[in-house]
Amino acid sequence: MKYYVIAGEASGDLHASHLIAALHQRDAEAQFRGFGGDCMAAQGMELVAHYRDLAYMGFIQVVRHARKILRGLAQCKADIVQWRPDVVILVDYPGFNLRIAEYVHTAGICPVYYYISPKIWAWKEGRIKAIRRNVDQLFSILPFEVDFYEEKHHYPIHYVGNPTLDEVSVYKQLPQQTYTSFCEQHGLQENRLSIALLPGSRKAEIAANLPRMLDAVKRYEQDYNIILGATSSLDWETDYAPVLSQHPVHGLVSVTNATFDLLSHSSTALVTSGTAALETALFNVPQVVCYYTRFGRIVNWLKPHFLRVKYISLVNLIDDSEVIPELIGNHMNVDTLQQWLEDILPGGSKRDTMLAGYRSMLSKLGEPGAPERAAQAMIEALTPQ
């Protein structure tokens, strides 16, 4: 069968790549084409466009790049029509993907499956109408979504487990590098513990979050290794270097496309909310979730009027409690970051409580095997009985 897969950011690229591998195991004749990233291409998907060319977030960023996004939509629609897939598989990225779903459904091209469902429980709940109308099968990776979709909206879904759990589990089964070797490889001091900075995978996230992270960890530069987790989907010279030069941290080292390596050797982390927060928890690394926005005081005032959930981080949402602090808008400032770092660094007063919260969250997440369960369900749905 021919599978057209669309992912719009780094985490979606990673999750989709494992789904592609699982589909290939069950369908020897499978062909893959679509929009995504390096991980999907490494699994044999023919890449029509890279997600880095369309990964914009926030109202202002989307408006500024509206023409580019619209060109991407037009290119995607035309390519689907030309290739005539057996199914279109959408991975998160709802602003783009729900438009593709509507187009494919209206044109009657093929079924539309959604892997990693849109987070409409957080905001834009009205999108359930578009999902109900244009999505044939929805595959959820968050346990609390079952009640939201099935009980509240009477829309049946497949809960397949969480692929991040699979990815971390597979990584931990590999031969592990020692801390000594890791420090030697990256020019770090072995007698120091490490603090990880994970500022996101989009240009806007780097510009907003990284300066404040760097200013917060500067007081620790003499006692800890400070390590930046970078991504090759962004340009070092234009996206990272200017921020680092304006907010210097002595001895800072960067690692690229190696988040799991970084987390496996870190004692604490500052993390932009998203999949990285869940990954950090699965590596048992205490963290602070950081998400700075302009006009932060206004954003925090408006948040209860737009968001329908108490939390924004997956860790807290899954456990339904405040396991990790969420510093959003104007709450994401250097003083507050430093206070939380003091509390969760080794010996800190809140470190053990956070680690206990991680154990509680993990018990609710389920077992590994999400890509395999999703692939099996997709093929069964596509195969005539």
Side-chain angles (χ1 to χ4, degrees), residues 9-11 13-15 17-18 39 162-190 192-201 205-206 209-210 213-214 216-217 220 224-234 240 249 252-291 313-316 318-319 323-326 337 340-341 344-346 348 350-352 354-359 361-362 365 368:
E9 56 189 355
S11 61
D13 175 39
L14 179 62
H15 295 331
S17 71
H18 293 295
C39 295
N162 195 288
T164 302
L165 181 60
D166 289 85
E167 291 147 11
V168 172
S169 297
V170 169
Y171 174 87
K172 287 182 176 180
Q173 292 170 14
L174 299 174
Q176 297 298 302
Q177 185 180 30
T178 65
Y179 189 62
T180 298
S181 174
F182 178 78
C183 289
E184 289 176 352
Q185 179 184 353
H186 297 289
L188 301 166
Q189 296 192 43
E190 184 187 351
R192 295 180 178 181
L193 297 176
S194 296
I195 298 174
L197 306 182
L198 299 175
S201 59
E205 290 175 330
I206 302 303
N209 297 303
L210 186 54
M213 289 180 172
L214 293 169
V217 298
Y220 303 98
Y224 288 85
N225 295 315
I226 311 298
I227 313 174
L228 167 65
T231 172
S232 62
S233 64
L234 298 178
Y240 293 105
V249 173
L252 181 140
V253 168
S254 68
V255 299
T256 302
N257 296 345
T259 300
F260 288 5
D261 289 345
L262 172 54
L263 289 173
S264 68
H265 295 295
S266 296
S267 66
T268 314
L270 301 183
V271 184
T272 294
S273 182
T275 303
L278 180 56
E279 293 171 341
T280 303
L282 293 176
F283 276 95
N284 226 32
V285 178
Q287 64 182 299
V288 182
V289 161
C290 316
Y291 210 97
S313 72
L314 292 178
V315 176
N316 291 346
I318 292 167
D319 197 63
V323 176
I324 56 178
E326 300 178 350
L337 275 175
W340 268 106
L341 270 174
I344 65 173
L345 282 166
K350 297 178 181 177
R351 185 178 178 90
D352 289 343
M354 189 177 295
L355 293 175
Y358 285 173
R359 292 192 291 273
M361 182 274 301
L362 183 60
L365 201 54

Can you name the nearest heavy-atom pair linking [X] to [Y], along with the distance?
X	Y	value
V285	A269	CG1-N, 3.9 Å
G200	I206	O-CD1, 3.5 Å
M361	A281	CE-CB, 3.9 Å
L341	V217	CD1-CG1, 4.0 Å
T256	S232	CG2-N, 3.6 Å
G229	P199	O-CD, 3.7 Å

Mind checking whether [X] and [Y] have side chains closer than 4.5 Å, heavy atoms only?
X	Y	result
M213	T272	yes
T164	H15	yes
I324	W340	no
D166	H18	no
N225	V253	no
T268	Y224	no
F283	K172	yes
L210	L228	yes

Side chain of [X], backbone of [Y]: donor and acceptor closer than 3.5 Å?
X	Y	value
S267	S194	yes
Y240	T231	yes
Q176	L174	yes
E9	S201	no

Just do the side-chain contact (heavy atoms from CB on, under 4.5 Å) check on Y358 and Q287 with the steps written out, would you?
CA-CA 11 Å; Y358 285 173; Q287 64 182 299; 3.1 Å; yes

Would L193 and L345 count as a side-chain contact (heavy atoms from CB on, under 4.5 Å) here? Give the steps.
CA-CA 10 Å; L193 297 176; L345 282 166; over 6 Å; no

Would you check, one step at a time, whether the test side-chain contact (heavy atoms from CB on, under 4.5 Å) holds for S264 with F182?
CA-CA 10 Å; S264 68; F182 178 78; over 6 Å; no

Got a second to check how far [X]'s [atom1] is from [Y]'s [atom2], nearest 0.5 Å?
X	Y	atom1	atom2	value
N209	C290	CG	SG	7.0 Å
H186	D261	NE2	CG	6.5 Å
L14	E167	CG	CD	4.0 Å
I344	L270	CD1	CG	7.0 Å
L355	N284	CG	CG	5.0 Å
S254	I226	OG	CD1	13.5 Å

Would you say the side chains of T178 and T180 form a donor-acceptor pair under 3.5 Å?
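Looking only at side-chain atoms, T180 and T178 do not form any donor-acceptor pair under 3.5 Å.
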
Audit row: L198, E279, side-chain contact (heavy atoms from CB on, under 4.5 Å) steps and yes/no
CA-CA 11 Å; L198 299 175; E279 293 171 341; 5.9 Å; no

